[in-house]
Amino acid sequence: MTDARRAALTERLRAIGQQHVLNWADELDAAGLERLLSQLERLELERLPRLIESVTSTDTHAAPTSVEPPALIECSSDDDPRTREARQAGEELLSRGAVATFLVAGGQGTRLGYDGPKGRFPVGPLTNRSLFAYHAHRVLATSRRYGTPAPLYVMTSEANHESTVAAFDEAQHFGLEPSQVHFLIQGMLPAVDREGRMLLAAKDSLALSPDGHGGCFEAMRRSGAFDDMRARGVEHVFYFQVDNPLAQVLDPCFLGHHALGGADMSTKVVSKTEPGEKVGVLGVVDGRTAVIEYSDLPADLAEARDDQGRLRFRAGNIAIHLLRLDFIARLLEGELRLPVHRANKKVPYVDSSGRRVEPTEPNAIKLEMFVFDALPLAERSITQEVRREDEFAPVKNAEGVDSPATASEALSDQAKRWMTAAGLALPRGPAEVGPLFALDQDEFLRNLTKSDFGPVFDRA
Ligand code: UTP
């Protein structure tokens, strides 16, 4: 059996010029050989040459001929009839269970350097509530509010799948029905050298890494999550990332604008703080909405101001999207394809003499797909500007900017703003409002009249 599998893989590898990865196969014990063969079988080998070619070739893409800022739907209160109409449309979708939540949590979290899935990281200012708990509680609170359970799909990767499932099990799914929560594992892609040859991390294993958050579409197809959504009558998917505890999951207003605008894919943005802030911005590039990475935005555009003195290209991407399920279907049918990006990295590898090398300089190219590359494929897209202090506080680094400390402070500051609005005295230390107590300020004010839980407003 193993011989037949090995022979079949040798053939397939030879056809794509990658047979060297089996060079040490004769030396391996049964377990080692099994590991290597099953890694290879899980890769779509026939797809690799096209992907590798796209990151190793020196072709430069044609420069865009026009770049404009996108039209922004700005935050406003329900006094604005457009906002009211959008909220009602979003609420109607939520009430009839037409929206699924999709949380991407397959990243390696290298900058945070935490031993475990990032979603387990405690950020609650007083309760130490984890990132997973914030997200799951928002799904739960929204499901309760609209009387219909919204499904939560959690994308993991091979390295953190088991510990992610365990985190949900240990917390009894944070109060969600177990049938409401689905886990799916994203794909892996091999690291290659500058000649495009796959690298071995050891004689019995390839150097693999998760295929990026853009791998979510393929993961939806492979795992059956896409078919499951269809069967449940899901029409839109709310995509968000594990590192932002302020993400307003299933925000009805955003949903309504997206649906009423007939958009395929929509994005929430916050205003950039200064021209040099390292965040991708949304722009309309040759007529299509796209994310322009900060390193690709020319300085004159990054610094340009409108007649009110605001940055013209200020729409900072916070990686919160809505996608129409029919649009995802088109991505999956292969009609629309995401490009692959390269990242130059130091990747330890086994050289041609069988020695393991720990490089001191970047030696390898990692392949990754980005979810926002789907945006220019959308025929219609809306961009909604929201307040950073209410919706964006990512945990990226162990310390300093975008760290657990800044996220925790942002959560506390939000709680204090709501307390101030309620005329409550502020505690000297941090404050915290759990999503099950209130998802927004209006709900906080309403629920306060029912009960006062002190500086921790919670019902978890
Ligand atoms: P980042 O690009 O910030 O990566 O991911 P990261 O893994 O969290 O951290 P670093 O760069 O290694 O320090 C943004 C979001 O996309 C998810 C992450 O889990 C996070 O929610 N992601 C990223 C995936 O789900 N899969 C990937 O392959 C990459």
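Just follow the structure's listing: the first ligand is 1, and inside any ligand the first atom is 1. We're numbering straight along the sequence, starting at 1.
Taking 4.0 Å as the cut-off between side-chain N and carboxylate O, E170 and R120 count as a salt-bridged pair. With respect to the salt-bridge test (charged N to carboxylate O, under 4.0 angstrom), the residues R87 and D251 do not qualify.
Shortest contact from atom 12 (O) of ligand 1 to any protein heavy atom: T110 OG1, 2.4 Å. Among protein heavy atoms, the minimum distance from atom 17 (C) of ligand 1 is reached at V104 CG2, 3.8 Å. Among all non-hydrogen protein atoms, the one lying nearest atom 16 (O) of ligand 1 is H213 CD2, 3.4 Å. For atom 23 (C) of ligand 1, the closest non-hydrogen atom of the protein is G107 CA, 3.7 Å. In this structure, the protein non-hydrogen atom closest to atom 6 (P) of ligand 1 is G109 N, 3.7 Å. The protein heavy-atom contact nearest to atom 3 (O) of ligand 1 is K396 NZ, 2.7 Å. When hydrogens are left out, the protein atom nearest atom 11 (O) of ligand 1 is R111 NH2, 3.0 Å; that is the closest non-hydrogen contact. The nearest heavy-atom contact from the protein to atom 25 (O) of ligand 1 is G106 N, 2.8 Å.
For ligand 1, one of its N or O atoms has an N or O atom of K118 under 3.5 Å away. At least one N or O atom of V242 sits closer than 3.5 Å to an N or O atom of ligand 1. In terms of polar-atom proximity, M155 is not counted as a contact of ligand 1, lacking any N or O under 3.5 Å from an N or O of the ligand. Taking distance alone, with nitrogen or oxygen atoms compared against 3.5 Å, E368 stays at or beyond that limit from ligand 1.
Using modelled atom types and a 3.5 Å distance limit, the side chains of T127 and E432 yield a donor-acceptor pair. Side chains of Y294 and E277: no donor on one and acceptor on the other come within 3.5 Å. Judged by distance alone, the side chains of D228 and Y153 do bring a donor and an acceptor atom under 3.5 Å apart.
Listed by number with element, the atoms of ligand 1 under 4.0 Å from a non-hydrogen atom of D243 are 3 (O), 14 (C), 20 (C). Atoms of ligand 1 lying under 4.0 Å from any heavy atom of P210, numbered from 1 in the order shown and given with element: 28 (O).
The environment of CD in E399 is sparse: at most 12 heavy-atom neighbours from other residues, nucleotides or ligands sit within 6.0 Å. More than 12 heavy atoms of other residues, nucleotides or ligands sit less than 6.0 Å from atom CZ of R222. Within a 6.0 Å sphere centred on CG of D115, other residues, nucleotides and ligands contribute 12 heavy atoms or fewer.
Taking the six-membered ring where the residue is Trp, H137 and F174 present perpendicular rings, their angle passing 60° and hence far from 30°. Between Y239 and H321, the angle of the ring planes lies from 30° to 60°, which puts this pair in the tilted group.
In this structure, S157 falls outside the shell of residues with a heavy atom less than 4.0 angstrom from ligand 1.
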